[in-house]
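Throughout, a chain's letter reflects where its sequence line sits, starting with A, and its residues are numbered from 1.
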Amino acid sequence: MNVRLLYFASLADQAGRAEESVETSANNPATLYDEVRQRHGFSLDTGRLRVAVNGQIVDWTHGINEGDEIVFLPPVSGG
Amino acid sequence: MNVRLLYFASLADQAGRAEESVETSANNPATLYDEVRQRHGFSLDTGRLRVAVNGQIVDWTHGINEGDEIVFLPPVSGG
Amino acid sequence: MNRFSVSESRIDPAIEKQGLDDVGAGACVIFEGWVRNHNEGKSVHQLDYQAYAPLARSEGEAILSEAMSRFKLRAASAVHRTGSLAIGDMAVWVGVSADHRDAAYNASRWIIDEIKLRVPIWKNEHYADGESGWLHPDNTPVD
Amino acid sequence: MNRFSVSESRIDPAIEKQGLDDVGAGACVIFEGWVRNHNEGKSVHQLDYQAYAPLARSEGEAILSEAMSRFKLRAASAVHRTGSLAIGDMAVWVGVSADHRDAAYNASRWIIDEIKLRVPIWKNEHYADGESGWLHPDNTPVD
């Protein structure tokens, strides 16, 4: 299936892009992150990230569906 | 000697004036307050007041001199 | 330098805030006291504030100087209204800036508490029932 | 009702504050986060803030709704900047009004702490030495 990933902050820098569409057979965000992490050399591991699917923060075991917008969230530093 | 008294808040209401000059032989603010309290029927006693002489907060036993500006300060309620 | 003032006219928070600017400051905390339409269950129509102005200024300055040495601040200032105020009017403005927000919050709270305890300013509340009265708090906490 | 917003342009505190007016409110506490010229010993020239805006809005709204039920408030609102900011620029504005100052201070502090913990916004600091980097705090307290 095809999903859309958005990248922010250091993940965007390391991926060299702000978004991408990926073909994946991963059935949850944890597996998907492993795939893209390997490809882009992301330094943060899932213990330091949160993940959002379609604008909602979800568990790493949450299901993934065709067309989902998925965002791996590095530790925030607003304010 | 002659001193100038300023009155604020409930003391001004009870005295019916914001200031007055008084002739007194009181040698400290405590004695002076007893004098004016009797005359004006002030309800607050010295335990609930502070006193300022010439713009400085002082003890009730502080000396008084001719021409001093003396203010008995009711509990404040600013803010 | 005057950090504390007593004002007979409307407080302009934008002007007051200019004194807090500092390139090293990352946090600014502002407290405003507004005239509310009720106090201890009574409906309030209007307020008068009376000040013994020379002493109010020197006590206010002393509080702000002490705040500058007690807390890690960049700047602190405050102004208190006198005269007749309507519901919604600003009675007091307290502003601080600091590198970090911990100091800014702590200092702001400390300053307004000290102002309410020490500065010779008195509030006369005019109630909906036509009564009015000067408030002379007796140890009970003042909000 | 939108209590939290993300803004690509300058925050105007006078406009933001209008949402806090309430005849029952006696206390207003405002927190502003400013871009300061230093962080952890490094000299800072400029900042960029990046947000995942839809989630930042919903997380921000959730924080302000929770504040309204946790604390005795009349109103609460907040706005966070995104984009390039210079030293002295306002990065975040948080305002609350309440009958009493205790609730106002406590709510204000709680809201900015939650924003810094939860809202998906990231800061990129540009240092005087030419380096820059996204900050990803690791449990250490953020100021």
Side-chain angles (χ1 to χ4, degrees), chain B residues 3-22 28-30 32-34 36-79, chain C residues 4 6-7 31-36 39-40 47-63 78-83 85 90-94 108-125 132-143:
Chain B
V3 296
R4 186 163 165 255
L5 300 183
L6 306 183
Y7 295 121
F8 292 97
S10 64
L11 295 186
D13 284 358
Q14 290 167 9
R17 70 200 72 187
E19 57 178 285
E20 64 182 346
S21 284
V22 299
N28 63 45
L32 178 61
Y33 184 70
D34 285 343
V36 295
R37 182 182 191 179
Q38 206 153 17
R39 186 149 51 84
H40 294 305
F42 291 147
S43 53
L44 293 166
D45 63 42
T46 53
R48 299 201 60 212
L49 300 171
R50 293 181 296 168
V51 60
V53 174
N54 300 327
Q56 304 269 7
I57 290 174
V58 297
D59 289 339
W60 287 97
T61 56
H62 189 272
I64 294 178
N65 296 294
E66 171 72 25
D68 280 351
E69 176 180 282
I70 299 174
V71 187
F72 303 112
L73 304 163
V76 301
S77 52
Chain C
F4 187 88
V6 173
S7 171
F31 173 83
E32 294 180 3
W34 297 347
V35 178
R36 60 172 191 255
N39 192 27
E40 308 204 342
L47 281 187
D48 298 312
Y49 281 101
Q50 203 174 62
Y52 178 30
L55 183 62
R57 281 188 211 102
S58 60
E59 283 286 283
E61 288 294 326
I63 290 167
V79 54
H80 202 298
R81 271 299 303 279
T82 56
L85 280 76
M90 198 188 304
V92 59
W93 183 97
V94 176
S108 176
R109 181 63 197 259
W110 184 85
I111 291 167
I112 185 61
D113 287 354
E114 290 291 308
I115 287 173
K116 283 170 176 268
L117 270 179
R118 286 166 54 184
V119 175
I121 295 178
W122 298 271
K123 172 161 47 181
N124 192 354
E125 293 189 335
S132 72
W134 292 100
L135 304 193
H136 294 315
D138 185 13
N139 298 324
T140 54
V142 185
D143 304 294

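Of the atoms belonging to Ala51(C), it is backbone heavy atoms, and not side-chain ones, that fall under 4.5 Å from chain B. Contact of Pro54(C) with chain B is not made at all, since no heavy-atom distance falls under 4.5 Å. At a 4.5 Å heavy-atom cutoff, the contact between Tyr49(C) and chain B is made by side-chain atoms alone. Proximity to chain B (any heavy atom under 4.5 Å) is restricted, for Trp134(C), to the side chain, taken from C-beta onward. With a 4.5 angstrom heavy-atom cutoff, Ala52(B) touches chain C only via side-chain atoms.
Ring orientation note: the planes of Phe8(B) and Trp122(C) are close to parallel, at an angle under 30° on the 30°/60° scale.
Of the inter-residue distances, the one linking Ser77(B) atom OG with Leu117(C) atom CG reads 12.0 Å to the nearest 0.5 angstrom. Taking CZ from Arg118(C) and CD1 from Ile57(B), the interatomic distance works out to 8.0 Å, rounded to the nearest 0.5 Å.
Taking non-hydrogen atoms and a 4.5 Å limit, the residue list of residues 63-73 of chain B in contact with chain C, ordered by number, reads Glu69(B), Val71(B), Leu73(B).
Across every non-hydrogen atom of Gly55(B) and Ser58(C), the tightest pair is O-OG, 4.3 Å. Here the closest heavy-atom approach between residue Lys116(C) and residue Val76(B) is recorded as O-CG2, 3.3 Å. Scanning both residues, His80(C) and Gly79(B), for their nearest heavy atoms gives NE2-N, 2.7 Å. Of all heavy-atom pairs between His136(C) and Ala9(B), the closest is CE1-CB, 3.4 Å.
For the set Asp48(C), Val92(C), Leu47(C), Leu55(C), the entry with the most heavy-atom pairs within less than 4.5 Å of chain B is Leu55(C).
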